[in-house]
Amino acid sequence: MSVAELLAWGIGRLRTSGSEAARLEAELLLARALGVERAVLLAHPEIPVGADAQRSFAADLERRAAGEPLAYIRGFREFYGLAFATDPRGLIPRPETELLVEAAETEIMRRLTGAPRPVGTSPLRVADVGTGSGAIAVSLAVLLRRRGIGPQVEILASDDSPVALELARENAVGHGVADRIEFVALDLLPTRVGRPFEVIVANLPYVPSGEVDRLPVAVSFEPRRALDGGPDGLAIIARLLDRLPDALAAGGLALLEIGADQGEAICRLAGARLPGWPCRVATDLAGHPRLARLERPS
Ligand code: GLN
């Protein structure tokens, strides 16, 4: 069969299974089976496909038709312009989380370049709490390296899942920043923080327990503990808020990803647990509340 024939067949198979992006997904899977870029398929629809590639395409289609996320089948997902290894050890990086990376980068740059930091000043301390696949910490480390200021920032990445942390470490190695990030297996933050963090970022689980099972079937392949945020979705974030007075430096900033309907709830929670700390919510590209900014007064 030719590329075009196989694609038509694959698109049909994925449509029947309910995929909303059947064409794109079939193209990506056939490109994977052939070991080429997707553009090659589009440029050469007439090329005959060998039996081995046909078989592996068919096997991948069945996995996708059974609901498995494309990122787990392909083994990676693009995030912030970088390819991150993805497998069931960690949540697949989501595009909305790029907002968090962008905000963190802006904040770090502002702190490093805004006011003079005398020679000998200790590096800026940043924590990525619940790092999962490492997407946030690794993206930040790569951005800082590109700007030539990697050594001015110390990044700690935590997760209570040892297997997620392995995945995060692999991603750090893959992007050449393993020496820039300290990975620690623990719940939220170290009990004794030492020097407090100036910036804390976190994409913690925030889906209300009762809603986790109602998410698209692909999500059921991901670690539930990375999504389930307790009865109201904010149980784990609330525990982090309680740690902030110890962990965040005066004048420091915490950037927390939240659910689209949690904008008011997060600031109410912060008002109760961190009185006097300003709380602002930024919206994502879809216009939904997505990022809470909590500032510790200096
Ligand atoms: N945005 C994710 C989802 O809806 C949730 C991520 C999270 O809980 N941190 O699948």
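Remember, it's 1-based here, ligands and their atoms both numbered in the order they're listed.
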Determine whether any heavy atom of Val219 lies closer than 4.0 Å to an atom of ligand 1.
-> no

Would you check whether Gly259 reaches within less than 4.0 Å of ligand 1, judged by its heavy atoms?
-> no

So that I can tick it off, tell me whether [Y] and [X] are bridged by a salt bridge, with the cut-off set at under 4.0 angstrom between side-chain N and carboxylate O.
{"X": "Arg169", "Y": "Glu166", "answer": "no"}
{"X": "Arg239", "Y": "Asp242", "answer": "no"}
{"X": "Glu154", "Y": "Arg125", "answer": "yes"}
{"X": "Arg94", "Y": "Glu222", "answer": "yes"}

Minimum heavy-atom separation for Arg290 to Val281, with atom names?
-> N-CG1, 4.4 Å

Where is the nearest protein heavy atom to atom 10 (O) of ligand 1: which residue, which atom, and how far?
-> Arg94 NH2, 2.8 Å

Can an N or O of Tyr206 be found at a distance shorter than 3.5 Å from an N or O of ligand 1?
-> yes

Is Glu96 in polar range of ligand 1, meaning some N or O pair under 3.5 Å apart?
-> yes

Decide whether Leu240 and Trp277 are clustered together by the hydrophobic rule: side chain heavy atoms of Ile, Leu, Val, Met, Phe, Trp, Tyr closer than 4.5 Å, transitively.
-> yes

Please state which part of Leu204 comes within less than 4.0 Å of ligand 1, counting heavy atoms only: side chain, backbone, both or neither.
-> backbone

Looking at atom 4 (O) of ligand 1, is any protein heavy atom nearer than 4.0 Å to it?
-> no

Hey, does the side chain of Arg145 reach the backbone of Gly176 with a donor-acceptor pair shorter than 3.5 angstrom?
-> yes

Near Leu227 (heavy-atom distance under 4.0 Å), the atoms of ligand 1 are 5 (C), 8 (O), 10 (O)

Atoms in ligand 1 flagged as close to Ala226, the criterion being non-hydrogen separation under 4.0 Å = 8 (O)

